[in-house]
Amino acid sequence: MKKLECILRPEKLEEIKDALNQLGFHGMTVSQVLGCGQQKGKTEFYRGAEININLLPKIKLELVVNDSEVEKLVDTIIEIARSGKIGDGKIFIYDVHDAIRIRTGERGESAITEF
Amino acid sequence: MKKLECILRPEKLEEIKDALNQLGFHGMTVSQVLGCGQQKGKTEFYRGAEININLLPKIKLELVVNDSEVEKLVDTIIEIARSGKIGDGKIFIYDVHDAIRIRTGERGESAITEF
Amino acid sequence: MKKLECILRPEKLEEIKDALNQLGFHGMTVSQVLGCGQQKGKTEFYRGAEININLLPKIKLELVVNDSEVEKLVDTIIEIARSGKIGDGKIFIYDVHDAIRIRTGERGESAITEF
Amino acid sequence: MKKVNKVAFCMFATLLIIIIGSLYPARADDFIETEKVTKAIDNIWVLLSAFLVFFMQAGFAMVEAGFTRAKNASNIVMKNLMDFAIGSIAFWLVGFALMFGKDMGGFVGTSGFFLKDNFEHLQLNIPLMSFLIFQTVFAATAATIVSGAMAERTKFIAYCLYSAAISLLIYPIVGHWAWGGGWLSKMGFIDFAGSTVVHSVGGWAALIGAAMLGPRTGKYSKDGRVNAIPGHSITLAALGTFILWFGWFGFNPGSTLSGLDEKIGYIAINTNTAAAMGANAAMIFTWIKYKKPDVSMTLNGALAGLVAITAGCAAVNIIGSAIIGCLAGILVVISVEFIDKRLKIDDPVGAVSVHGVCGAFGTIMVGLFATETGLLYGGGIKQLLIQATGAAATFLWTCATIFVLFSIIKGTVGLRVSEEEEVEGLDVIEHGTTAYGDFVLKP
Amino acid sequence: MKKVNKVAFCMFATLLIIIIGSLYPARADDFIETEKVTKAIDNIWVLLSAFLVFFMQAGFAMVEAGFTRAKNASNIVMKNLMDFAIGSIAFWLVGFALMFGKDMGGFVGTSGFFLKDNFEHLQLNIPLMSFLIFQTVFAATAATIVSGAMAERTKFIAYCLYSAAISLLIYPIVGHWAWGGGWLSKMGFIDFAGSTVVHSVGGWAALIGAAMLGPRTGKYSKDGRVNAIPGHSITLAALGTFILWFGWFGFNPGSTLSGLDEKIGYIAINTNTAAAMGANAAMIFTWIKYKKPDVSMTLNGALAGLVAITAGCAAVNIIGSAIIGCLAGILVVISVEFIDKRLKIDDPVGAVSVHGVCGAFGTIMVGLFATETGLLYGGGIKQLLIQATGAAATFLWTCATIFVLFSIIKGTVGLRVSEEEEVEGLDVIEHGTTAYGDFVLKP
Amino acid sequence: MKKVNKVAFCMFATLLIIIIGSLYPARADDFIETEKVTKAIDNIWVLLSAFLVFFMQAGFAMVEAGFTRAKNASNIVMKNLMDFAIGSIAFWLVGFALMFGKDMGGFVGTSGFFLKDNFEHLQLNIPLMSFLIFQTVFAATAATIVSGAMAERTKFIAYCLYSAAISLLIYPIVGHWAWGGGWLSKMGFIDFAGSTVVHSVGGWAALIGAAMLGPRTGKYSKDGRVNAIPGHSITLAALGTFILWFGWFGFNPGSTLSGLDEKIGYIAINTNTAAAMGANAAMIFTWIKYKKPDVSMTLNGALAGLVAITAGCAAVNIIGSAIIGCLAGILVVISVEFIDKRLKIDDPVGAVSVHGVCGAFGTIMVGLFATETGLLYGGGIKQLLIQATGAAATFLWTCATIFVLFSIIKGTVGLRVSEEEEVEGLDVIEHGTTAYGDFVLKP
Ligand SMILES: Nc1ncnc2c1ncn2[C@@H]1O[C@H](COP(=O)(O)OP(=O)(O)O)[C@@H](O)[C@H]1O
Ligand SMILES: Nc1ncnc2c1ncn2[C@@H]1O[C@H](COP(=O)(O)OP(=O)(O)O)[C@@H](O)[C@H]1O
Ligand SMILES: Nc1ncnc2c1ncn2[C@@H]1O[C@H](COP(=O)(O)OP(=O)(O)O)[C@@H](O)[C@H]1O
């Protein structure tokens, strides 16, 4: 199993979620993060003082999937998430040692298989 | 070392924390996440328009532990976190390459050992 | 590639970010987490009832970097993040299987290389 | 002293005063005193009412901010502040003259620009300045209604221009018709505190504005699905509703322009009853319709009752108020859905339904429920037709002028921010700030 | 007329009046004018006070929302809105008649249902409708107190039924006893603005309600530990407290029902002094007790001072006010702890302590501090006993009737949501919404 | 008297009046009545104004909380509550006597401590207690200004001590000079409602306080860079601004101390115009300067206009008000930047600029714009010099005494929390609580 950790633009979330659902992936975990990278934040004025907003709101989408499904998912996500402008984000892929479904105690791939 | 990444129902957090403390595990990191899976969200009405709440609030509990302790922890967590209803969550287990305690610079297992 | 997952005191974030930028690392992802460990929370009174604040606000800083850069980064982070008091936090290091830059589709190390 | 006695009095006055003059210096003072006292009572009543109406600005700001998203919250409160600030100046310099200057053809006032001429033709019992502040806060109410309907996507500069125009011209003209001695008032049109003059003008302007802007990004899916975009703070929206309700006790009872008028308590209870019934009706109706009592609709329901009773609060009785409020509470729910789902006009806070629809509705209801002239009290159909005429004329005038106005704005500075800007939020894009610096917000 | 002219005037009065008598029809008008003027002054005073008291609804909503959790915030503001909306109608139709209708046996009013009969026996100096709106906002205050104590676990339908019942019956009866010509008023019971009539009724109802509901899930551990459940917005709670304090200036001074009453300033300063001392005392007391000055308790302390002075604000002097406020500020802290830790009744906002306990306390203190009849001013023990009787009778009546009421509700629609629903939050479960759509909330 | 009785009345009038003429006890009552009525009108006007001014405390709390960080929000509202609670008591016992007691040398009042003596020398037309509550809320306004400038780093105990001292001594002395019959009033100093007496005193105290405290950690980088520290809720800040504006309608028009004064409407319109122009000017000025209209500065601009017009609101005309407001709106922006970037004094909410700078500015402008004595209206330079003298004397007195006060506090209980405590937030450290228990906050 692999974990896909995708750092994305917040406004893309809904669309990606829909696309994944259509591919049959319903399980995922989402969190708010702040990203820093080549995408430059804005310099704003607050009461006359400059303020550098260099931590930009991003979405982290975590998906644990079977090894065989990684490429298909990566392609789908890239397709939707890409705007071509700096700041589109990254996908990091990690090995997963094991997975357990709390409700049933199933382990391994069956823990992430839906019925 | 392994990392246990547990996606849990928010209301179970306190109890699990207490149980882990009793087992002697005090170190852990918690964050708010939104989960999507087989558990279906509610369809509500907001000013007459349907609204699908399909990202449900979950808790992510991260624990880095020695390999030998994984099973004991998994059992404890499952026991408390299981309600038997869809949406109880998952435990994902990852390998940890190294750990460092910032305060002392200790590395490896001693970085997560308490005294 | 490795992922450094650093649990830090919130007030250190700015300084660490600046230091990393100076080392040439601009890419990172930050999130709010709550930490539990040997650092004891406060016991406060709210309307006469005791309240144990044992989940303390921490910052999680995630950095995906080349293997060769890990030690340099660890040293830099430790130097700034260390106050010497309990609760300074941890750095966990994980293997990264792959990385993809969504904007360009670049994979592997070049996905995290800046230009 | 009654007017009929005046002639007789004058004849004997000379004689009397000669006789009593040297003996009785305080006597004349005494009359002055009485007049001064009644004037003072009217004056403080009007002023305190004006202050309450002013405070409604805070209510609007909170309701509109609460019902929209956090990323646009600074922008919406800024708009609420600025429409009042701009409107106050515009109304002082020009609007007041158009509304209350000497009548020309029943259509518009023509004197008193920059407050230069006198306004004796108004025969005010209170000082002109007190009247001006009272009218200013009313004008600002009409203006501020629109910001909610156009929230989350309108350019700030466009809104500022609109603000000036409505306070300068669009509102004062209707105001002149009904309250400044214009054709509607001559006809016998009853709009005691402004269901039509204030609220419908704001509401119809909101309708045209929201329609011309188009919906917020994400409001309607390509497949026609209507997506809810919940507001960011129901507590602030509720606070705003309470503030509005509170301010309405200045709006309606204050419109007597006299604290000596015994009806002020009567008007207050009518106002309150309609608001309460509006909330009750909206709650029950949504409970039945959606299986759960909808909070934001119930808040709208209270406001709907208030708007609807504003025209007739001095003309109908408490039972009439209850019925009007109750119907308004139901109507607002239907109207919100209709505008949202059928017309596909995106009005984030329900301003069109609350102010436009319920304002017109309440105005027309006076034709039924007015105890002196209403159809249900044997007054025949005349009042009803007059009411309908006033509501229709206001609708046409407002839609037409606002359409021209927004067309000009669209063609010059532009009406709407870009989609990218909308996604990022108006706070950052338009003002370089965020409303909630310390809070973690959802994507 | 200056006083120096008085002597001269008296000397010539007879002569003059004979001469001018027949020529001076305005004379009678002049009397009318004076009467009209004094009536108007009383009328605007009562109305403006009523508006201020109305605004306390916003204060209650903010305090209660602020002191409870974000997941129940829509529900709590909705309850605050609806108890007013339902109560306004219930009180108009029935409650007002029970409270102010013609007395039967000192126990209940029996005329004027649906406002049909006349209320001449009240000998009001103000129009009936003004009196009605003033009394309506008082009735709603009693009703709204309970929502805080029963917050975060009560079924919405149950709360709506309770609202109707307290405004319809429970409050009006006590009101009749003390203010409507009932047995307490005949006895000489002093509860000027309602420490007992309004606040204790609300507070004791809250006590029974909270006790019958049981504590919120997680409030008490199995091992008996008391867990704090902090509120979600201290800023809103503070805002609410300021609003309540503001509104109290209508509540107490307005209860003269006359703007001509020279005591209104005196009452205002007493009110303010007690509130200030309540806050000071609670701050210092918690500072000593918990090592840190507790914000939420200090907010409660200010309210405790306000509640406690409400009975005696026209009867005690400023020193008495300061002492009563100070004691109330301490008492409320002790009471909150006692109810929370000893009685294990879960009252999230401290409503029982603030309104019930401090209301009764303030009522009894009148027996000590009333400058005319109080024990400390040589008036003997009589007043004290009367005050205690009134407080006790109100306690018994309210507890008994509320117990029956909630028992019926429990047995029919049910009183409490399920544990699952409570965990998820009443906003989603009861209303299908969340109060803070854009914010990330803690688990 | 009904119309039907008129005929009958006329027939018997002559007869009756002859008979009752000499027997006519009501005659005297009638005078009393008139006096009572005018007193009552003044009384309710002053009281209602006082209530509005009290409500400004809520406005200050919201503005200050909104403009600072979430981790200090409980602390700031607590300070706002306590300066009022402490100040109310301190002013009653001592401050009022120093301000309005019998004059000694034009410098200080010397009678009436603990309200013991009489205050007949004030020749009040309203009851003393009404005057006291009005003056108390003014004193508290001066006190509360400081909390914003010293926010996020001041020890709570230090703030409590400061609160007592300013209400006890520092404010009442200046108040005596200008309003209590002291040297400034004798000189002809015009500060109608307190641009100098209230606002500048607060503003200059804030200046010294913020300077002595030093900036918040992180405000200025070692390399001299100025870092913005945005507030946590612009919606609350906007709400607070609206509340303050609302309360100012009590502050300025109420300062006539008489509802019979025909100027009250005039004062209200002047107040409103200056505020509107302040907001407009600040918006346009920041739009030009920073390319975007700054929300928080525009809110400050409205307040700047209000502060600046407070001195002259009864002396200048509407055009003068507009100009003063406009200049204040620009001045406040320049001043905020100057204090922040040049002086490097950290004033999180802009209190020094809004209240100190614009207060002095507005006071001096009276010398130019007063229609009777101002330079621009041909009154010569005299008034201008008097105004400048008053502003300067207040500056010196306040800075000197506040410096001594804070030096003593610093040397005893300490003025500032430790850096560690500051980082963690005053809510947890000073009060053991957090303001927003349920929300996830940014690092
Ligand atoms: N080395 C990294 N480690 C962790 N997260 C990163 C790293 N580099 C970038 N990110 C995340 O990816 C986001 C986008 O990166 P950025 O360099 O701005 O644009 P792009 O991916 O288009 O080159 C950042 O905001 C950050 O959250
Ligand atoms: N493939 C996955 N990758 C990451 N997170 C997942 C995945 N599947 C489920 N989750 C997380 O686990 C939670 C529970 O999953 P769900 O399918 O609803 O119930 P259950 O685990 O009982 O089958 C989800 O809300 C989501 O946060
Ligand atoms: N075993 C662990 N797994 C995950 N996170 C941990 C673990 N131990 C500690 N942490 C995180 O590190 C933070 C600091 O740990 P703590 O034991 O308090 O201090 P120190 O690191 O100085 O010994 C905790 O608040 C928690 O977020």
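Naming convention: chains lettered A, B, ... in sequence-line order (proteins, then strands); numbering from 1 in each chain. Only a predicted model underlies this, so the values are computations on that prediction, with no experimental measurement involved. These values consider heavy atoms only, across backbone and side chains, with no hydrogens, waters or symmetry-generated copies.
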**Item:** Toward chain F, the part of D:T434 with a non-hydrogen atom under 4.5 Å
**Value:** backbone

**Prompt:** Is it the backbone or the side chain of D:I429 that comes under 4.5 Å from a heavy atom of chain F, or both, or neither?
**Reply:** backbone

**Message:** Hydrogens and angles aside, do F:T235 and D:Y436 bring a side-chain donor and acceptor to less than 3.5 Å of each other?
**Reply:** yes

**Request:** Please look at D:Q57 and chain F and tell me whether the side chain, the backbone, both or neither of the residue comes under 4.5 angstrom of a heavy atom of that chain.
**Result:** both

**Asked** Is chain D contacted by the side chain of F:I318, its backbone, both, or neither, given a heavy-atom distance below 4.5 Å?
**Response** both

**Prompt:** Does D:I243 reach the side chain of F:L239, with side-chain heavy atoms less than 4.5 Å apart?
**Reply:** yes

**Side-chain heavy atoms of F:I269 within contact of D:W92, under 4.5 Å** = no

**Fill in**
Comparing F:S233, F:A238, F:P230 against chain D, the one with the most heavy-atom pairs below 4.5 Å turns out to be F:S233

**Asked** For D:I157, is it the side chain, the backbone, both or neither that has a heavy atom under 4.5 Å from a heavy atom of chain F?
**Response** both

**Item:** Within-4.5 Å side-chain heavy-atom neighbours: D:T433 and F:D294
**Value:** no

**Item:** Within-4.5 Å side-chain heavy-atom neighbours: D:M82 and F:M283
**Value:** yes

**Message:** Can you confirm whether or not the ring centre of F:F246 sits under 6.0 Å from the ring centre of D:F51?
**Reply:** no

**Message:** Is D:L47 in contact with chain F via its backbone, its side chain, both, or neither, using a 4.5 Å heavy-atom distance?
**Reply:** side chain

**Item:** F:L441, part contacting chain D, at a heavy-atom distance under 4.5 Å
**Value:** both

**Request:** Please round to the nearest 0.5 Å and tell me the distance separating atom CD1 of F:I41 and atom NZ of D:K39.
**Result:** 13.5 Å

**Request:** May I ask you to test the F:K263-D:P127 pair for a side-chain heavy-atom distance under 4.5 Å?
**Result:** no

**Message:** Ring-plane angle category for D:F439 and F:H232, please: parallel below 30°, perpendicular beyond 60°, tilted otherwise.
**Reply:** tilted

**Options D:I89, D:V137, D:D427, ranked by heavy-atom pairs under 4.5 Å with chain F, top entry** = D:I89

**Message:** Show the nearest heavy-atom pair for residues D:V37 and F:T38, with the distance to one decimal.
**Reply:** CG2-CG2, 3.7 Å

**Request:** Give the minimum heavy-atom separation between F:N280 and D:A85, together with the two atoms involved.
**Result:** ND2-O, 3.2 Å

**Request:** Please check if the distance between the ring centroids of F:W245 and D:F55 is under 6.0 Å.
**Result:** no

**Message:** Does D:S88 form a side chain to side chain contact (heavy atoms under 4.5 Å, CB included) with F:M277? I'd like the steps, not just the answer.
**Reply:** CA-CA 9 Å; D:S88 286; F:M277 284 305 292; over 6 Å; no

**Asked** To the nearest 0.5 Å, what is the distance between OG (F:S296) and NE2 (D:H431)?
**Response** 11.5 Å

**Item:** Nearest-0.5 Å distance, CG of residue F:N72 to CG of residue D:D438
**Value:** 9.0 Å

**Prompt:** chain F heavy atoms under 4.5 Å from D:L132: which part of the residue, side chain, backbone, both or neither?
**Reply:** both

**Request:** Specify which of F:L260, F:I229, F:L48 makes the most heavy-atom pairs with chain D at under 4.5 Å.
**Result:** F:L260

**Asked** Which heavy atom of D:I44 sits nearest a heavy atom of F:W45, and at what distance?
**Response** CG2-CE3, 3.5 Å

**Prompt:** Which pair of non-hydrogen atoms, one from F:A268 and one from D:I133, has the smallest distance, and what is that distance?
**Reply:** O-CD1, 4.1 Å

**Prompt:** Heavy-atom distance under 4.5 Å to chain D: side chain of F:W287, backbone, both or neither?
**Reply:** side chain

**Region of F:A322 in contact with chain D, defined by heavy-atom distances below 4.5 Å** = side chain

**Request:** Could you tell me which non-hydrogen atom of F:P293 sits nearest to which non-hydrogen atom of D:E430, and how far apart they are?
**Result:** CD-O, 3.5 Å

**Neighbour count >12 (heavy atoms, 6.0 Å) for atom CD, F:E337** = yes

